[in-house]
Amino acid sequence: MSGMTALSFGIAGVLLLAACVKADRVRGWRQSLNPSAPDLPDAAFVVGRGIFLIMAAVMVFEGFNLVRISADSEWSDAELASAVRQAADDLDGWGYLDDGLTADSAYFDSYESLLEGKVIQYGGGGAPESGVGAGPAGANTDTDAYFMVRANGADAAFCTHIVRTRTPKNDYTPPGIAGGEGTITQRAYRLAVTSKLGAC
């Protein structure tokens with residue numbers, strides 16, 4: 001994208017230089033290349049300069065448009081820092097229930113995508129809706145895990161720490177099919193989430 005932006009501004013500069021060339025110099029070049037050619041009227045140079053200036057303005061507009069598109073397609077350090085902070089605040093204290101069918105909660109396997117989704121959600125209007133990665137640490141467990149959060153275009157990286165605890169008082173046993181108390185109890189869990197700039 002930066003190459004296209006530079007090309008747009010470069011073409012605009014060449015067009016501006018062309019618009020500033022004096023009429024006598026153009027006549028001299030034309031005469032040396034084709035001595036029998038008729039002389040160009042001053043009006044032709046006025047129209048030509050106008051066309052060059054309009055084309056230069058279009059290329060400058062396109063250049064700035066490419067700069068804006070490039071900025072919208074990548075994360076800045078500030079955007080990522082704000083999004084990670086808000087995502088951690090949102091997930092801190094977040095509770096959920098498992099399905100009650102397994103010996104332990106299997107939900108922890110999807111925390112990586114949960115964290116990525118929250119960061120994208122809080123990216124704001126200027127940040128893209130993609131390009132975020134939450135890399136899990138190798139020593140993660142079901143109850144204690146670290147993730148390195150990075151985003152395309154941002155130099156900064158953030159360590160997010162997730163601790164999961166059981167909250168038995170919030171367990172839920174749905175009613176049975178025939179009425180009365182059911183036989184499957186959904187276990188409740190709560191997350192404690194913090195984040196900091198830098199490696200875990």
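Keep in mind the model is a prediction, meaning the values are calculated, not measured.
Here the straight-line distance linking atom NZ of Lys196 with atom CZ of Phe158 works out to 12.5 Å at 0.5 Å rounding. Taken to the nearest 0.5 Å, the CG atom of Leu97 stands 9.0 Å off from the OH atom of Tyr172. Taking CG of Asp90 as the reference point, atom NZ of Lys118 lies at 4.0 Å (rounded to 0.5 Å). Distance check, rounded to the nearest 0.5 Å: OG1 of Thr143 to CD1 of Ile162 gives 12.0 Å. Here Glu112 contributes atom CD and Thr160 contributes atom OG1; the two are 11.5 Å apart, rounded to the nearest 0.5 Å. Once rounded to the nearest 0.5 Å, the distance linking CG of Asp98 with CZ of Arg187 reads 4.0 Å.
Summarising the geometry of Asp171 relative to Arg166, their closest heavy-atom pair is OD1-NH1, 2.9 Å, with the distance given to 0.1 Å. Scanning all heavy atoms of the two residues, the minimum distance from Ala156 to Asp77 falls at N-OD1, 3.0 Å. Nearest heavy-atom pair, Leu197 versus Ala157, reported as atom, atom and distance to 0.1 Å: CD1-O, 3.4 Å. Closest of all the heavy-atom pairs between Tyr146 and Cys159 is CD2-SG, 3.6 Å. Ala134 approaches Phe147 most closely through the heavy-atom pair O-CD2, 4.0 Å.
Looking at heavy atoms from C-beta onward, Leu80 lies in side-chain contact with Val119 at the 4.5 angstrom threshold. For the pair Trp75/Val132, a side-chain contact is recorded, criterion being any heavy-atom separation below 4.5 Å from C-beta on. Using a 4.5 Å heavy-atom cutoff, the side chains of Tyr111 and Leu191 are in contact. Side-chain contact between His161 and Asp144 is present, with heavy atoms from C-beta onward closer than 4.5 Å.
Cluster membership check: Met55 shares its hydrophobic cluster with Ile11, using side-chain heavy-atom separations under 4.5 Å among Ile, Leu, Val, Met, Phe, Trp and Tyr. Transitive grouping of hydrophobic side chains (ILVMFWY, heavy atoms separated by less than 4.5 Å) keeps Leu17 and Ile51 in distinct clusters. Hydrophobic clustering (ILVMFWY, side-chain heavy atoms < 4.5 Å, transitive): Met148 and Val193 are in distinct clusters.
A parallel orientation is assigned to the rings of Tyr96 and Tyr189, their planes being inclined by less than 30° (bins at 30° and 60°).
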Could you walk me through whether Tyr122 and Asp89 satisfy the side-chain contact (heavy atoms from CB on, under 4.5 Å) test, starting with their C-alpha distance in whole Å, then the side-chain angles of each, then the deciding distance to 0.1 Å, before giving a yes or no? CA-CA 11 Å; Tyr122 289 111; Asp89 289 346; over 6 Å; no

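Residues satisfying the side chain to side chain donor-acceptor pair (under 3.5 Å) criterion with Thr173, sequence neighbours excluded, are Thr185.
Distance alone, capped at 3.5 Å, places no donor-acceptor pair between the Ser110 side chain and the Ser113 backbone.
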